[in-house]
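What follows is a set of notes on a single structure, which appears directly below.
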Amino acid sequence: MVSRLLIDACEVVATMDDAGTEVPGGSVLIEDGVVSWVGSGEPPGGAEDAERLDGRGCVALPGLVNTHHHLNQVLTRARAQDQGLFGWLVALYPVWAGLDAEWERVAARVGLAELALSGCSTTSDHHYVFPAGAGDLLGAEIAAARELGLRFHPCRGSMDLGESDGGLPPDRLVERTDDALAATEEAVRTHHDPSPGSMLRIAVAPCSPFSVTERLMRESAHLARRLGVRLHTHLAETMGEERHCIERFGRRPLELMDEWGWVGDDVWFAHGVYLDDKDVRWCAETGTGVAWCPSSNLRLGSGIAPGRALLDEGAPTGLGVDGSASNDAGDLLVEARQALLVSRASGVERGLSAREALRVATRGGAAVLGRDDIGSLRAGMRADVALFPVDGLASAGAEDDPVAALVLCAPPRVRHLLVEGRPVVRDGRLVGGDEDEIAREGHRMGRRIAEEASR
Ligand SMILES: [Zn+2]
């Protein structure tokens, strides 16, 4: 028996298909977790037997896709408030040294709940802190994503270049190179699901050029290709990093990555603030993706990524909330607004339109994560749908263009969110967890972390 759900009478369905089709008064039919029809009126053949979800007062978008995050950082927000990246990291590494599976579980629930309530249906997580004896950290966040119902792309990160070897992180936070590689392979073998519509995919993700050895970078690339999974790392985030690459290796960041086998359509980088025009073209030509994290880059004073140029050249480009200790929020619709605003800093003609910002947050993110089954609403795509209300205070007066209102006006909390056609948020509340309880637990754990860090 096929399960059928009709989302009907939306204010607009913004499909994010190739033509940018928008259907005023549109409806979406979902059959067994897959979109089977988008249009206005009743679907061909009717939908009498379908369950109905009232789309009135809402803009329907594909679920948003977050391409860079560190869920464990959610419980260490509002610290090192006036530091740049390196000062911020040095202040936070000792706090993260206390990470264990319970912290990870609580942080992941808070961070994933925030993302879901912002309309995000698929998220990546870049987890690179594995203190000895911390327990099954990846397993803890995977369990949280399953509980809340989000599509999840956790990256098994790693660091093996401690302070005593000239790296930035303290020695007790880094792993031995072979241990990191073995644990990464184990994570892929245990969790990765390559099938269409997959809810869980693992990527290989050593942390950054200043916390990882050349050997770990090179062997991670070999490992990922042997296992058929994607590669992710931080790149070209700050001027300091660029200097480090030139001083230590005589190469700019992207040149260094190329030398180490890290350029290609199975790779995506977080940030890319210091990609120059040539780098941007290179990313486009090779299909190398960029996770644009505008709030984090502004909060840490890193700079402004070349979002306009990346889009113009056709490089896969998505958004990342990053953090959330360098943001310090996990709201992807806010990030779309931030991308639009910051792209206009040097003139509106260089900036993104509201629709481009929404496209980067959906289609763009899907491309960055290597997914061709999510990111747009058309027949055959997985049924990840975000219904944002445009009947509230924030969008009153924006009746001419409720789609643009999502980005230009104050971003609303999602009203309904479906992943694989299953409800993750209904009427603004989580379905797979109790928001108040998740928040209480987050504050309790946040106090524990603060107390331990002050000792
Ligand atoms: Zn990051």
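Residue indices begin at 1 and follow the sequence shown. Whatever order the structure lists them in is the order used to number ligands and atoms, beginning at 1.
- Note: His234 and His70 meet the aromatic proximity criterion, with ring centroids under 6.0 Å apart.
- Checked against the 6.0 Å centroid threshold, Phe269 and His271 do not count as a close aromatic pair.
- Ring-plane geometry between His232 and Trp268 is classed as parallel, the angle between the planes falling under 30 degrees on a 0 to 90 degree scale with a further cut at 60.
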**Message:** Run Glu420 and Arg151 through salt bridge (charged side-chain N to carboxylate O under 4.0 Å, His left out) and show every step you take.
**Reply:** CA-CA 9 Å; Glu420 283 283 288; Arg151 213 181 280 286; 2.9 Å; yes
Using a 3.5 Å cut-off and no angle test, enumerate the donor-acceptor pairs between side-chain atoms of residues 135-149 and protein atoms at least two apart in sequence or in another chain.
{"from": "Asp136", "atom 1": "OD1", "to": "Gly139", "atom 2": "N", "distance (Å)": "2.8"}
{"from": "Glu147", "atom 1": "OE2", "to": "Arg109", "atom 2": "NE", "distance (Å)": "2.9"}
{"from": "Glu147", "atom 1": "OE2", "to": "Arg109", "atom 2": "NH2", "distance (Å)": "3.1"}

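- Counting only protein N, O or S atoms closer than 2.8 Å to the Zn ion (ligand 1) gives 4.
- With ring centers used as reference points, Tyr93 lies 6.0 Å or more from Trp88.
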